[in-house]
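Data block below; observations after.
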Protein chains: 2
Amino acid sequence: MAGRRAETTEANRTRLLAAARAAFAEHGYAGASMDELTAAAGLTRGALYHGFGDKRGLLAAVVAQIDGEMAARARAAAASARDDWDALLAEAAAYIEMALDPEVRRIVLLDGPAVLGDPSRWPSQNACLAETRDTVARLVAAGTMRAVDVEAAARLLSGAALNAALWVAASEAPDVALPRALDAYALMAEGLRAR
Amino acid sequence: MAGRRAETTEANRTRLLAAARAAFAEHGYAGASMDELTAAAGLTRGALYHGFGDKRGLLAAVVAQIDGEMAARARAAAASARDDWDALLAEAAAYIEMALDPEVRRIVLLDGPAVLGDPSRWPSQNACLAETRDTVARLVAAGTMRAVDVEAAARLLSGAALNAALWVAASEAPDVALPRALDAYALMAEGLRAR
DNA sequence: GGTTAAGGCATACGCGCCGTATGTCAACTC
DNA sequence: GAGTTGACATACGGCGCGTATGCCTTAACC
C-alpha cells in the first residue's frame with residue numbers, strides 16, 4: 001500500500017524542492033530566506049532541516065534536479081542528430097540555450113559552483129558533464145575525434161559552452177549573440193576533429 | 001606634500017584590501033566576517049563602509065585588484081612568445097596556472113561571478129577578458145585567425161581556459177591533469193586558426 | 001593663528017537569518 | 001491497543017550585516 005506516511009513525506013519533499021528552486025532562482029542562494037521558502041511550501045524550517053540537513057544540502061538537491069533535467073534535454077537533442085559529431089554540437093547548443101534560462105544560470109552556473117565547489121565534485125555527479133564525456137569518448141573511440149584526453153576535452157567543451165551561455169545572457173542583444181557563440185563553438189570543436 | 005590625511009587614508013585602504021583578500025580567500029565571500037576582517041587590519045567596520053560602500057563593494061575592489069595582476073602576468077607571458085598565435089596559447093597557459101592558486105579560484109572564479117554577476121559586467125571591466133579579446137582581435141586582423149566574432153571567440157577561449165583550471169585544481173593529480181588540459185586547449189584553439 | 005568646515009573613522013543599535021535543541025503528534029509494529 | 005519510531009513544529013541563542021550617530025583630527029580660510 002506504499003504507506004500513507006512515506007507518501008505525504010515524499011509529497012512534502014517535492015513541494016520543498018519546488019519552493020527552494022523558485023526562491024533560489026529569484027533571490028539567489030544567499031538572498032533566499034529559509035523561513036519564507038518553507039512557508040511558501042506550507043511547512044517550516046523543521047521539515048527542511050530534517051530532509052536536507054542544511055541550506056547547502058537543499059541547494060545540492062535543487063542543483064541535482066535541474067542538472068538531471070538538463071542532461072535529459074541534451075540527450076534528446078543529441079538523439080535527433082545526423083551523426084555523432086553533430087550530436088556533440090547539438091548537445092552544446094542545447095546547453096547554451098538552456099543556460100539562457102535565468103533559473104539555470106543563477107542556480108547551476110553561478111551559485112552552484114560557488115557554494116558546492118567544482119561541478120565534477122558535486123554529490124549529484126553532474127549528469128551534464130557525464131553526458132558530454134560519454135559523447136567525447138564515443139567520438140574518440142570511433143576515430144572521429146583526435147586522441148585527446150577525454151576528461152580534459154569534455155571539461156573544456158562543456159566549460160566553453162556554459163561560459164558562452166553566460167556571455168550571451170549578459171550581452172545586450174542575446175538573439176544576435178547566440179548564433180555567434182554557436183558558430184565560434186563549432187569552429188573551436190573542429191580543432192578536435194580527426195584530420 | 002601630498003597631504004598627511006590622504007596618505008594614511010590610502011594606507012588604511014590598502015590594509016583593508018589585503019585583509020579582505022586574505023579573508024575571502026580563506027573563508028569564501030559568504031563565510032568571511034567583516035568584523036574579523038577589519039579587526040585584522042586594525043580598523044573597524046566603519047572604515048570599511050566608508051571606503052567601499054558595502055560587502056559587495058569590497059569584493060569588487062578585491063576582484064579588480066587580482067584581475068589586474070592576472071592581466072599583467074598574462075601580458076608578460078604573451079610578450080615572451082614567438083608569434084601572435086603562440087601568444088594566445090601562452091596567455092591561456094598563464095591563466096590556467098594562475099587559477100591553480102586557491103585565492104584566484106575562490107575569489108575571482110567562484111565568488112566573483114556569483115556575487116557580482118557576469119565578468120563582462122564587472123565594474124573593473126575584467127582586464128583578463130580584455131586582454132584575450134585584444135589578442136584575438138590582433139589575430140583576426142592579421143588573418144592568422146579565421147573571421148570569427150571577436151567577442152564570442154574571446155569569451156569561449158577564456159571560458160575554456162578558466163574552466164580547465166577549475167578542473168585541474170579539482171582533479172586528484174593536478175600535475176598530470178595540467179598538461180592534458182593545455183594539450184586539449186591548444187587543439188581546440190587550432191580550430192579557430194585560418195586554413 | 002585661530003576658527004570653521006569637512007571628512008575619515010569609531011560606536012551603538014536593530015533586524016534578519018541560520019543552526020540546534022527540544023517538544024509533539026500521527027503512523028507503523030507486534 | 002500499547003509502544004516506538006520518525007516526520008515535523010516550536011523555541012532559543014548567536015552571529016553578521018547595514019545604518020544612524022558621534023567624535024576627533026586634518027585641511028581650508030580669513
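Naming convention: chains lettered A, B, ... in sequence-line order (proteins, then strands); numbering from 1 in each chain.
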Sugar-phosphate, base or nothing in reach of Thr44(A), heavy atoms under 4.0 Å: base

Taking every non-hydrogen atom, the tightest pair across Arg155(A) and Leu166(B): NH2-CB, 3.9 Å

Sugar-phosphate, base or nothing in reach of Leu43(A), heavy atoms under 4.0 Å: sugar-phosphate

Options dG8(C), dA9(D), dG18(D), nucleotide nearest the side-chain atoms of Arg45(B): dG18(D)

Length of the line joining His50(A):NE2 and dT20(C):C1', which is rounded to integer Å: 15 Å

Note: Arg21(B)-Glu69(B) ion pair, threshold 4.0 Å (strictly below): yes

Residue mapping more 5' on DNA chain C - nearest nucleotide basis, Lys55(A) or Thr8(B): Thr8(B)

Distance-only side-chain donor-acceptor flag, Ser120(B) / Asp118(B), under 3.5 Å: yes

Distance, rounded to the nearest Å, where Phe24(B) contributes CZ and dC17(D) contributes C1': 12 Å

Rounded distance in Å - CG (Leu37(B)) to C1' (dC15(D)): 16 Å

Euclidean distance, atom CG of residue Leu58(B) to atom P of dG16(D) [Å, nearest integer]: 15 Å

Asp111(B) and its salt bridge (Lys or Arg N to Asp or Glu O under 4.0 Å) partner, picked from Arg106(B), Arg56(B), Arg105(B): Arg106(B)

dA7(D) OP1/OP2 closer than 4.0 Å to side-chain N/O of Asn12(A): no

Atom-to-atom span, CE of Met34(B) to C1' of dT19(D) - whole angstrom: 13 Å

Distance, rounded to the nearest Å, where His27(B) contributes NE2 and dG16(D) contributes P: 10 Å

d(CD, Glu10(A); P, dC8(D)) in whole Å: 10 Å

Interatomic spacing from CG in Leu157(A) to CE in Met188(B) - rounded to 0.5 Å: 5.0 Å

Sugar-phosphate only, base, or nothing, as touched by Ala30(B) at under 4.0 Å among non-hydrogen atoms: nothing

Whole angstrom value for the distance that separates P of dA12(C) from OH of Tyr49(B): 17 Å

